[in-house]
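Proteins get letters first, then strands, A, B, ... in listed order; numbering begins at 1 in each.
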Amino acid sequence: MAPKHQAPRGTRDLLPGEIERWQWAEDRARGVLERYGYREIRTPLFEDYELFARTSGESSDVVQKEMYRFKDLGGRDLALRPEGTASVCRAYLEHGLGGRGRIHRLWYLGPMFRYGRPQKGRFRQFWQIGAEILGTGAPGADVEMIALFVDLFAAWGFGELAVLVNSVGTPDSRRAYGDALREWFGPVRPWLSPDSQRRLETNPLRVLDSKDARDMLIWSVGPGAWLADEEEDAFKLAVTRTYSKPKPHLLDFLDSNSSAHWDAVLAGLSALGIATEIDHGLVRGLDYYTRTAFEVHDRSLGAQSALGGGGRYDGLVETLGGPPTPGVGFSIGLDRVLLALEQRGTPLPAGPAAVFVAAMEGTRAEAAALVRRLRRVLAADWDMEERGFGAQMKAAGKSGARLLLIVGEEEWERGDVVLKDVGDGSQRPVPVATLEDVLLEALGTRPTETRAR
RNA sequence: GUGGAUGUAGCUCAGCUGGUAGAGCACCGGACUGUGGCUCCGGCUGUCGUGGGUUCAAAUCCCAUCAUCCACCCCA
């Protein structure tokens, strides 16, 4: 058990038996996206390093420590893509899509790469499916995006997921909010966890979703509901002083346009009956987000519970040197979706051979030709090793085929073949001339879809 | 990048305080060269993750390294 090579850390092979789940999930998603009128776009797996550094933000974790950055033999500074939106916007500009109709609805599916320590639901190569609307800043675009987002999960069989939503406003309002948070946390600052004290400087909004017990106590519970009696008086006093000022919410710092946009998005969502939950602490990890932000989580995934998320990114295309072009989008981690489905015990179909053809000594050549003929219309299998009849029957049983064709010498002479139903063991002669019709009939309307596992 | 746990057959795992590997499942073959899934019989697979050290002797103890898992950071 020490092979010379194994898949690089954080990557994995998807083998037959598991891949069927992926194909199923991809097919379901494709169906929803097409009905929504989105069109697929495929972009390179690597791009100029600068593209990601610019758009995600130099200070973001993705850029600072998670990029697969490399120089090619021509000295180009490249990186494996850590996310999809930047590439889509680059392609949009490069091919002048803006000049071919104002609004573009696009979707993509493919592997992304981030260098991080692997854990449950986190890989260095992971798959995302995502969608973008470029060219309109209308609240209706945000609403459609979230509806599409929710409907994808519905198509995968997630029933009761609540979407977390927030507005992160503009970079200006976020800055103002950060200052307000620093001020508000001032009195309790020494009691915050070391991480949060650091975050208060670098990214104050992150303090709000700290998992430290005391941080959570300070932010979410407030005075009057102490964890335990042993809290020191100085701490209690500090918390009380902190709460003498109202707890700041990002939504209160929005400019009037962003605020109106937010109200319109909420109204649109409720008109569609989409269950949402406002999460004042919801901040996205990439710098390019503006206004609407949303996420979906699943507890069964452990610490890495985010299944997908997205938001509006009105300044991104301009950052890339293009004309002002608003956009909204999301991406969903397929690895996590599949993991969550598995943990919910969702059964999925597998598709082995529908018909197995067994030959006798004198009919091997005829049987081989028959299999090839049948394979034009349905899934057929045979024993390519020319083993004995008993072995062929065994192989047929294992193949999962629902029907068995026995090409016996005597029947073949008469132009027949024996059709056996694996389920009930019944068998009857069938004319070779009309075999396909009989088989399709016996298999039902969907010939290639067979037993579920 | 930080912390903890774990690496024995294809899979799940046993192997007590050191004496040089085992079970179940899976797989292959036979009983059953014109009828499979059941049953019975037989068989295969291991540099005990890798490298080094201690010892007469290491799967077992020590160190390093790689990998996996879980958590932190962060995110999908």
Return the value, rounded to whole Å, for the distance between atom [atom1] of [X] and atom [atom2] of [N].
X	N	atom1	atom2	answer
A/Gln392	B/G36	CD	P	13 Å
A/Arg9	B/A67	CZ	P	6 Å
A/Glu66	B/C72	CD	C1'	13 Å
A/Leu339	B/C70	CG	C1'	13 Å
A/Asp195	B/C75	CG	P	13 Å
A/Leu282	B/A76	CG	P	10 Å
A/Arg199	B/C75	CZ	C1'	13 Å
A/Arg198	B/C74	CZ	C1'	10 Å

Pairwise [atom1] distance, [M] and [N] [rounded to whole Å]:
N	M	atom1	answer
B/C44	B/G29	C1'	10 Å
B/G3	B/C75	P	22 Å
B/A26	B/U45	C1'	12 Å
B/C11	B/G18	C1'	29 Å
B/U39	B/U12	P	24 Å
B/A59	B/U6	C1'	15 Å
B/G51	B/C41	C1'	44 Å
B/G7	B/G49	C1'	6 Å

Using a cut-off of 4.0 Å on non-hydrogen atoms, how would the nucleic acid contact of [X] be classed: base, sugar-phosphate, or nothing?
X	answer
A/Ile332	nothing
A/Leu404	nothing
A/Gly390	nothing
A/Glu83	nothing
A/Gly310	nothing
A/Glu411	base
A/Glu361	nothing

Taking the side chain as C-beta and beyond, is there a heavy-atom pair between [X] and [Y] under 4.5 Å?
X	Y	answer
A/Val328	A/Glu132	no
A/Trp107	A/Ile41	no
A/Phe158	A/Asp298	yes
A/Val371	A/Phe356	no
A/Tyr115	A/Lys65	no

[X] side chain: which of [options] is closest?
X	options	value
A/Gln6	B/C74, B/C28, B/A67	B/A67
A/Lys394	B/G30, B/U35, B/C74	B/G30
A/Val422	B/U35, B/G1, B/G36	B/G36
A/Arg122	B/G36, B/G34, B/C72	B/C72

A/Arg12/A/Asp335 ion pair, N-O < 4.0 Å = yes

task = Before accepting this row, confirm whether a basic side-chain N of the pair A/Arg69/A/Asp77 lies closer than 4.0 Å to the acidic partner's carboxylate O.
result = yes

task = Starting from the C-alpha separation in whole Å, work towards a yes-or-no answer on side chain to side chain contact (heavy atoms under 4.5 Å, CB included) for A/Leu250 and A/Ser167.
result = CA-CA 7 Å; A/Leu250 181 45; A/Ser167 176; over 6 Å; no

task = Between A/Gly333 and A/Met393, just flag the one whose closest nucleotide in RNA chain B comes earlier from the 5' side.
result = A/Met393

note = Comparing A/Tyr289 with A/Ala391, nearest RNA chain B nucleotide closer to 5' gives the residue A/Ala391

message = Checking A/Thr276 against A/Leu164 for the side chain to side chain contact (heavy atoms under 4.5 Å, CB included) test, could you report, in this order, the C-alpha distance in whole Å, the side-chain angles of both residues, the deciding distance, and whether it holds?
response = CA-CA 6 Å; A/Thr276 57; A/Leu164 305 178; over 6 Å; no

task = Evaluate the criterion side chain to side chain contact (heavy atoms under 4.5 Å, CB included) for residue pair A/Glu40 and A/Tyr108; output intermediate values, then yes/no.
result = CA-CA 6 Å; A/Glu40 184 176 2; A/Tyr108 60 85; 5.8 Å; no

key: Any A/Arg387 side-chain N or O less than 4.0 Å from OP1/OP2 of B/G29   = yes

key: Under 5.5 Å and under 30°: A/Phe389 stacked on B/G34   = no

remark   = Partner of A/Arg312 under side-chain hydrogen bond (donor to acceptor under 3.5 Å, both in side chains), picked from A/Thr292, A/Asp142, A/Thr290, is A/Asp142

message = Using a 4.0 Å cut-off on heavy atoms, which residues in residues 111-120 of chain A reach RNA chain B? List them by number, or say none.
response = A/Arg114, A/Arg117, A/Gln119, A/Lys120

ask   = Does the side chain to side chain contact (heavy atoms under 4.5 Å, CB included) test come out yes or no for A/Leu80 and A/Met67, once each step is laid out?
value = CA-CA 7 Å; A/Leu80 298 183; A/Met67 283 261 251; over 6 Å; no

message = Once pairs are restricted to Watson-Crick or G-U wobble with both distances under 3.5 Å, how does RNA chain B read as a dot-bracket string, [ ] for crossings and | for other-strand pairs?
response = (((((((..((((.....[..)))).(((((.......))))).....(((((..]....))))))))))))....

